[in-house]
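We number each residue from 1, following the sequence as shown.
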Amino acid sequence: MADIWLGILLILGIDLLLLGLVGAIIFVAFTGLGCWQDRRQARRFAEAMARSEFERAEAVARNAFQAAGRTDLPV
């Protein structure tokens, strides 16, 4: 009888683990991609600043802030 309960608990544990894995994949697919976009914009900003292209760096920063929902940058 104890073997049956242990088997049930093992199956439920594996099911919960797989459900958590699927949930994590869905979460990363919908929300984690923004992190990579932020890194790309930060890299563009740093490259533009290194080449003294201040207008391009300013445009990249403005686009990054607008994408994040903060549009209160002075023009």
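Contact of the L18 side chain with the V22 side chain is not registered, since no non-hydrogen atoms from C-beta on lie closer than 4.5 Å.
Atom-to-atom distance recorded for L12:CG and L16:CG is 6.5 Å, nearest 0.5 angstrom. Here the straight-line distance linking atom CD1 of I11 with atom CG of L6 works out to 10.0 Å at 0.5 Å rounding. Considering CD1 of I14 and CG of L19, their distance stands at 13.5 Å, rounded to 0.5 Å.
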For this session: Run the numbers on L21 and I25 for side chain to side chain contact (heavy atoms under 4.5 Å, CB included), then give the verdict.
Result: CA-CA 6 Å; L21 182 64; I25 290 171; 4.3 Å; yes
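L10 and M1 sit in two unconnected hydrophobic clusters of ILVMFWY residues. Membership requires side-chain heavy atoms under 4.5 Å apart, directly or through other members.
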